[in-house]
Amino acid sequence: MSDLPHFTQASEQLIKQYTNTLSETARELGCSGSTQDKVDWTEVNRRMVEWWKQQGYNFP
């Protein structure tokens, strides 16, 4: 179990930053909004776990 606070306890501003970072990361990994996209969502999630850890929070 992590000693870090859960990401849902982050400020509204940081959660907005997360949303933007998530979108950017998904685009980097192939998300274009098409139903034909082949996005590695496991990798997207892994990067988001790391991003939150860098911000001082546990995710998910």
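Just so it is clear, the model here is predicted, and its values are computed rather than measured.
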For [X] and [Y], which heavy atoms make the closest approach, and how far apart are they?
X	Y	value
G56	P5	O-CD, 3.3 Å
V49	P60	CG2-CD, 4.3 Å
W51	L14	CH2-CD1, 3.7 Å
M48	Y18	SD-CE1, 3.6 Å
V44	L29	CG2-CD1, 3.5 Å

| task | Report, as yes or no, whether the 6.0 Å neighbourhood of atom CD on E12 holds more than 12 heavy atoms from other residues, nucleotides or ligands. | result | no
| query | When rounded to the nearest 0.5 angstrom, what distance separates OG1 in T25 from CZ in R46? | reply | 10.0 Å
| note | Here the gap from Y57 atom OH to Q9 atom CD, rounded to the nearest 0.5 Å, amounts to 7.5 Å
| remark: Given the options I15, T21, T19, Q17 meets side-chain contact (heavy atoms from CB on, under 4.5 Å) only with T21
| query | Tell me the salt bridge (charged side-chain N to carboxylate O under 4.0 Å, His left out) pairs involving residues 31-40, sequence neighbours left out? | reply | none
| task | Give every residue pair that meets the salt bridge (charged side-chain N to carboxylate O under 4.0 Å, His left out) criterion with at least one member in residues 18-28, sequence neighbours excluded. | result | E28-R47
| said: Under the rule for ring-ring contact (aromatic ring centres under 6.0 Å, His included), what residues qualify as partners of F7, not counting sequence neighbours? | reply: W52, F59
